[in-house]
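What follows is a short report on a single structure.
Just so it is clear, the structure is predicted and the values come from calculations on it, not from any experiment.
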Amino acid sequence: MKKHLVWLRADLRSIDNTALSVACADLEADIAAVYFITPEQWQKHHVAGCRVDFELRTLQQLSKQLAALNIPLLIVETPNFKSQAQALLDLCQQHLFSAVYFNKQYEINELARDESVHQLLAQQQIDTFDFDDQCLVAPYKVLTGEGRFYSVFTPFKKTWLQCIYQQGVNIQAAPDKRPSLWLTPSDIPKHVTGFESHITEEIAHSLWPAGEEAALDKLARFCDEHIRNYKDKRDFPNLDDSTSRLSPYLAIGAISPRQCYQAAINKQQAYGSSAGIDQWISELGWREFYKHIMVGFPRVCKHQPFRTDTKDLVWKHDEAAFQRWCEGKTGFPLVDAAMRQLNTIGWMHNRLRMVVSMFLTKDLFIDWRWGEQYFMEKLLDGDLSANNGGWQWSASTGNDSAPYFRIFNPLLQSQKFDPNGDFIRRYVPELAHLDNKTIHQPHDKQQLLWLDYPLPMIDHKAACAYTISQFQQLKELPIGRAVNE
DNA sequence: CTCCACTTGGC
DNA sequence: CCAAGTGGA
């Protein structure tokens, strides 16, 4: 009797899971799935406690679904990626698995781990089969006419859409039920020590219900009711339904990008095209663009800027200022509301991610890596490629970045995207009583004495001038740069 | 080589 | 209207 092991990693679902489908294609084989808890590695990658909780809750659901198909889900704990290969081999030998199936991950530590697993298992005649599953188009397949990776989004997107059109979108059904449950599924732990969630259980359960059913439900509701207005409404953080909020589900693979794309296309075919649908698909494109960047330019996995010349920037390492930013006490209401949203619900609206990352890097001139790490520590949807891409975009160290001289004005962003101040009111209760106009700049002299809210921690205009001058100095160092590279 | 086009803006 | 180049065909 053949036995196949499906190794689940960032693909915690039963539908449209390539590795699972292929492993189950052999109807004779016994199938089991395994998920590894690797606390030391997670610590190193700054995985958020709320994200660990989200994964555990998802595994809870998935274990039930798989058990109903007579596929036992096993949970194994091992400290890190290094110890994981041996742990996997032990498991294979214990249960006599002849092959291991998994979907690829593309970060460098994950790639190295998978390579060592492949080598170790091959020595024992255990086959490993890996699959491109995480993207609509595998993150090394969208290339320029000259066979190089794109570094600009627009031409990338054009080719990416062509690739999708040419290859088609094939969504795999969940596997058929196996004859019998041949192993006892593991209990799913409720916690992993060292990963306390910073958000309340109530928020976790109401905003982020776990499992692929919940994800598909969210997707369906978004496509039914909101996607057509996506382009017009997505930039207003106070409108909770204007974005899909599927990023956490995509990050852990409770839903696949193919399912997302197809749901949008189905609406297009049923009701005609719309700018909202195009825009939302374009956002799926950004997700894959940054995955391609990570594969094509692995230095972004190693804390290095995409634009190598920007490595000479001397970022400030101001702990106190950074702390104020983290806590949402900068004195800039929208920035503070945004940081408190992250600190409260483990997620931040995309517009606000730009506002706060631009503020940290351009107003405070603090190292973008500090912000990148803080985001990872707090985000349910923490994903290296997307998070790094976003931060480097704001810091002007990335590909296709914001030009260094185009710096968001936090006050204008506030007035434009939270015009009535309602979002600020939600997360900065000290300001809730202020009128729609004052709330964006509450530091009016008359308010100072009785307002329990900090003064703006920096003069935006002066900060801009300093930052621009720092970037301009880069250009005056061409000789040193040439030598260093 | 030329020419096009360029997420998220500010003043 | 400014800004500064530059990736990509």
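- Counting any heavy atom pair closer than 4.0 Å across all strands shown, Gln413(A) reaches sugar-phosphate atoms only and no base atom.
- Taking 4.0 Å as the cutoff to heavy atoms of chain A, we find the contact window on DNA chain B bounded by dC6(B) to dC11(B).
- Residues of residues 356-378 of chain A having a heavy atom closer than 4.0 Å to DNA chain C: none are found.
- The environment of NZ in Lys233(A) is sparse: at most 12 heavy-atom neighbours from other residues, nucleotides or ligands sit within 6.0 Å.
- The ring of Phe102(A) has its center no closer than 6.0 angstrom to the ring center of Phe131(A).
- Computed from coordinates, the Gln472(A) CD to dA3(C) P distance equals 12 Å when rounded to whole Å.
- Separating the P atom of dC11(B) from that of dA4(C) is a span of 15 Å, rounded to the nearest Å.
- Across all strands, Arg353(A) comes closer than 4.0 Å to no nucleic acid atom at all (heavy-atom distances).
- Nucleotides dT6(C) and dG10(B) are separated by 23 Å at their P atoms, to the nearest Å.
- Atom CZ of Arg148(A) and atom P of dG8(C) are 7 Å apart (whole Å).
- A centroid separation of less than 6.0 Å is found between the aromatic rings of Trp280(A) and Phe222(A).
- More than 12 heavy atoms of other residues, nucleotides or ligands shown are found within 6.0 angstrom of CD on Glu225(A).
- At least one cation-pi condition fails for Arg340(A) and Tyr427(A): the charged atom is not both under 6.0 angstrom from the six-membered ring centre and inside a 45 degree cone around its axis.
- Sparse packing is recorded around NE2 of His303(A), with 12 or fewer heavy atoms of other residues, nucleotides or ligands lying under 6.0 Å away.
- For His198(A), the NE2 atom counts as densely surrounded, since its 6.0 Å shell holds more than 12 non-hydrogen atoms of other residues, nucleotides or ligands.
- Across every non-hydrogen atom of Ala254(A) and Arg13(A), the tightest pair is O-CB, 3.7 Å.
- To the nearest angstrom, C1' of dA4(C) lies 14 Å from CZ of Phe471(A).
- Look at Thr144(A) and you won't find any side-chain N or O under 4.0 angstrom from OP1 or OP2 of dG7(C).
- Phe306(A) has its ring centre less than 6.0 Å from the ring centre of Phe297(A).
- Taking the P atom of each, dT7(B) and dG7(C) are spaced 14 Å apart, rounded to whole Å.
- Nucleotide dT6(C) has dA5(B) as its partner under the Watson-Crick or G-U criteria, with both atom distances under 3.5 Å.
- Checked options Asp400(A), Asn399(A), Thr144(A), Thr159(A); the residue passing with Tyr150(A) is Thr159(A) (criterion: side-chain hydrogen bond (donor to acceptor under 3.5 Å, both in side chains)).
- A ring-ring contact (aromatic ring centres under 6.0 Å, His included) with Phe375(A) is found for one member of Trp368(A), Trp391(A), Trp370(A), Trp347(A) and no other, namely Trp391(A).
- Near DNA chain B, meaning a heavy atom under 4.0 Å from it, residues 383-409 of chain A has Trp393(A), Asp400(A), Arg406(A), Ile407(A), Phe408(A), Asn409(A) in order of number.
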